[in-house]
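Predicted model, so just to flag it, every value in this text is computed and none were measured.
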Amino acid sequence: MKKITVQQLIDRFQLEILSDDAGSERTVSKTRVHRPGLEFAGYYDFFPQERIQVLGKKEITYLHTLTEEERNERIHNVVRYHPPCFIVTRNQEGLTYLIEHCNREGIPLLRTTEDTSKFIGVVDSYLTKMLAPEIQVHGVCVNVAGIGVLLRGKSGIGKSETALTLIRRGHRLVSDDAVVLKKMNAETLIGTHDGKTREFLALRSIGLINVARIYGRSAFQEETRIVLDIELAKWKENELNNELQLEPGYVEYMGVKVPTIQIQLQPGRDVASLVEAAANSWYLQLQGYSAAEDFIQRLNM
């Protein structure tokens, strides 16, 4: 199970540490934060104690209205579950009682100046991305006119060279050789790099090149949604390639289905143009247009 530390949250969102112990070693393994409103009111069934607890103006104002005895009891009953941390939004003050309870239980109490709803949105997005299941595959990930494409094939087949041609035509590299695929949800797959290969493209006989340095910042982007899988393969003689195939093929990565096609290579084929055509064709199909269906309708007329 993937985890991030509280210290990573502190660094990423520049959170102010209110408790004595920052608890930087504590970990978060669940996406989405939780606002413990019902819990402060005394209802603890289904309390997601493994999530980050965010205290907005509504929660803090409610605690301020309680007597000291009631407040201590309500806070204690939540803190004793030992969630990863508490984060107070909107730079709210008057938190002495919260600090005391968090110090006693060794739970980090943090604060941000951000609005509650906005902060929850960005933290949820961050957690979803950081904690998403991931795998690493051999290939090249490129963004072709806004369409994320994963190029696969055996070593030496020409994946990186094809990517170079696409970059020179104004498209963008995401990752070469080691592509990290992250499952954001049941239908969304994000392709990115592993950090080590960021901006690098490995070309046989040439070596490594930094595409951002050579072709500018627009030649590279950090991640893209994978919507098309293309396998580059050697040309096979006497094999029927059905240009009128109506039903697309699919490949699965961590349970996410991605449309896939195979492009067979032989001298003289402009592979980069074929990748561009495949990406544009996929976009048209997404809009409801199929060239194959259009052609068959004309034949039937």
Side-chain angles (χ1 to χ4, degrees), residues 128-129 132-135 137-154 157-176 179-193 218-236 239-266 268-301:
T128 298
K129 189 171 295 184
E134 67 179 47
I135 58 173
V137 299
H138 176 66
V140 178
C141 183
V142 289
N143 184 281
V144 181
I147 298 170
V149 178
L150 178 63
L151 299 177
R152 294 183 297 107
K154 294 182 178 180
I157 197 70
K159 301 182 296 296
S160 298
E161 290 80 0
T162 301
L164 178 62
T165 303
L166 291 168
I167 291 167
R168 293 181 59 199
R169 294 181 182 179
H171 306 297
R172 296 178 176 182
L173 173 71
V174 176
S175 181
D176 180 40
V179 181
V180 177
L181 300 179
K182 293 190 174 187
K183 180 181 178 180
M184 308 306 290
N185 55 50
E187 297 180 347
T188 305
L189 202 65
I190 296 294
T192 185
H193 53 81
S218 61
F220 172 80
Q221 71 179 54
E222 293 288 343
E223 61 184 32
T224 187
R225 180 181 178 183
I226 302 295
V227 295
L228 184 61
D229 175 276
I230 298 179
E231 179 188 7
L232 303 184
K234 292 183 179 180
W235 185 267
K236 299 176 183 178
E239 181 174 291
L240 178 63
N241 293 292
N242 185 12
E243 291 83 359
L244 296 182
Q245 183 177 359
L246 297 179
E247 293 296 329
Y250 289 93
V251 62
E252 284 195 13
Y253 296 102
M254 296 178 289
V256 180
K257 284 187 175 182
V258 180
T260 185
I261 63 171
Q262 184 185 81
I263 295 179
Q264 295 184 7
L265 310 182
Q266 66 175 176
R269 297 203 89 187
D270 186 348
V271 183
S273 292
L274 293 175
V275 172
E276 287 179 318
N280 290 326
S281 178
W282 174 88
Y283 179 78
L284 287 176
Q285 290 177 32
L286 191 65
Q287 305 303 310
Y289 175 80
S290 169
E293 291 180 356
D294 190 2
F295 179 70
I296 291 175
Q297 288 179 1
R298 295 186 186 187
L299 290 179
N300 292 334
M301 290 175 61

Colleague: Quick one: does Lys182's side chain have a donor or acceptor within less than 3.5 Å of a partner on Ala132's backbone?
Modeller: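 No; zero donor-acceptor contacts below 3.5 Å.
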Colleague: Restricting to non-hydrogen atoms, name the atom on Arg269 and the atom on Ile263 that form the minimum distance, rounded to 0.1 Å.
Modeller: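 Heavy-atom minimum between the residues: NH1-CG2, 4.3 Å.
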Colleague: Begin from the C-alpha positions of Val251 and Glu231 and carry the test side chain to side chain contact (heavy atoms under 4.5 Å, CB included) through to its verdict.
Modeller: CA-CA 11 Å; Val251 62; Glu231 179 188 7; over 6 Å; no
Colleague: Calculate, to the nearest 0.5 Å, the distance between atoms CG and NZ belonging to Leu265 and Lys159 respectively.
Modeller: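 Reported value, rounded in 0.5 Å steps: 10.0 Å.
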Colleague: Say you draw a straight line from CG of Asp176 to CG of Leu164; how long is it, rounded to the nearest 0.5 Å?
Modeller: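 CG of Leu164 is found 10.0 Å from CG of Asp176.
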Colleague: Are side-chain heavy atoms of Glu293 and Gln285 found at a separation under 4.5 Å?
Modeller: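 No. Closest side-chain heavy atoms not under 4.5 Å.
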Colleague: Where is the tightest heavy-atom contact between Ala219 and Ile167, given as atom of each residue plus distance?
Modeller: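 Residues Ala219 and Ile167, closest heavy atoms: CB-CG2, 3.7 Å.
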Colleague: For a quick test of your reading: what N or O donor-acceptor pairs under 3.5 Å do the side chains of residues 140-151 make, sequence neighbours left out?
Modeller:
residue: Asn143; atom: OD1; partner: Gly146; partner atom: N; Å: 2.8
residue: Asn143; atom: ND2; partner: Thr224; partner atom: OG1; Å: 2.9

Colleague: Scan the side chains in residues 270-279 for donor-acceptor partners under 3.5 Å anywhere in the protein, sequence neighbours excluded, and list what turns up.
Modeller:
residue: Asp270; atom: OD1; partner: Arg169; partner atom: NH2; Å: 3.3
residue: Asp270; atom: OD1; partner: Ser273; partner atom: N; Å: 3.2
residue: Asp270; atom: OD1; partner: Ser273; partner atom: OG; Å: 3.4
residue: Asp270; atom: OD2; partner: Arg169; partner atom: NH2; Å: 3.1
residue: Asp270; atom: OD2; partner: Ser273; partner atom: OG; Å: 2.6
residue: Ser273; atom: OG; partner: Arg169; partner atom: NH1; Å: 2.8
residue: Ser273; atom: OG; partner: Arg169; partner atom: NH2; Å: 3.4
residue: Glu276; atom: OE1; partner: Arg169; partner atom: NH1; Å: 2.9
residue: Glu276; atom: OE2; partner: His171; partner atom: NE2; Å: 2.7

Colleague: Is there side-chain contact between Thr260 and Arg152, with at least one heavy-atom pair below 4.5 Å?
Modeller: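 The answer is yes, as the side chains (C-beta and beyond) meet within the 4.5 Å cut-off.
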Colleague: Kindly compute the distance separating OG1 (Thr192) from CD (Gln221), expressed to the nearest 0.5 Å.
Modeller: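 So the OG1 of Thr192 and the CD of Gln221 are separated by 9.5 Å.
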Colleague: Could you tell me the separation between the CZ atom of Arg172 and the CG atom of Leu166, rounded to the nearest 0.5 Å?
Modeller: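 Atom-to-atom, Arg172:CZ and Leu166:CG are 13.5 Å apart.
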Colleague: Roughly how far, to the nearest 0.5 Å, is OG1 of Thr162 from CD1 of Ile157?
Modeller: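 Output value for this atom pair is 9.0 Å.
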Colleague: So which atom in Trp282 and which in Pro259 form the shortest heavy-atom distance, rounded to 0.1 Å?
Modeller: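 The pair with the smallest heavy-atom distance is NE1-CG, 4.0 Å.
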Colleague: Does the pair Glu223/Lys129 count as a salt bridge with the N-to-O cut at 4.0 Å?
Modeller: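 Answer for the salt bridge query: yes.
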Colleague: Checking Tyr253 against Asp229 for the side chain to side chain contact (heavy atoms under 4.5 Å, CB included) test, could you report, in this order, the C-alpha distance in whole Å, the side-chain angles of both residues, the deciding distance, and whether it holds?
Modeller: CA-CA 10 Å; Tyr253 296 102; Asp229 175 276; 2.7 Å; yes
Colleague: For the CD atom on Glu187, are there more than 12 heavy atoms of other groups (residues, nucleotides or ligands in this structure) within a distance under 6.0 Å?
Modeller: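 Counting neighbours around CD of Glu187, 12 or fewer heavy atoms of other residues, nucleotides or ligands fall under 6.0 Å, so no.
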Colleague: Search all heavy atoms of Ile226 against all heavy atoms of Gly191 and return the closest pair with its distance.
Modeller: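 Where Ile226 meets Gly191 most closely, the heavy atoms are CG1-N, 3.7 Å.
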Colleague: Using a cut-off of 6.0 Å, state whether more than 12 heavy atoms not belonging to Tyr283 lie near its atom OH.
Modeller: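 Atom OH in Tyr283 is not crowded, with 12 or fewer foreign heavy atoms closer than 6.0 Å.
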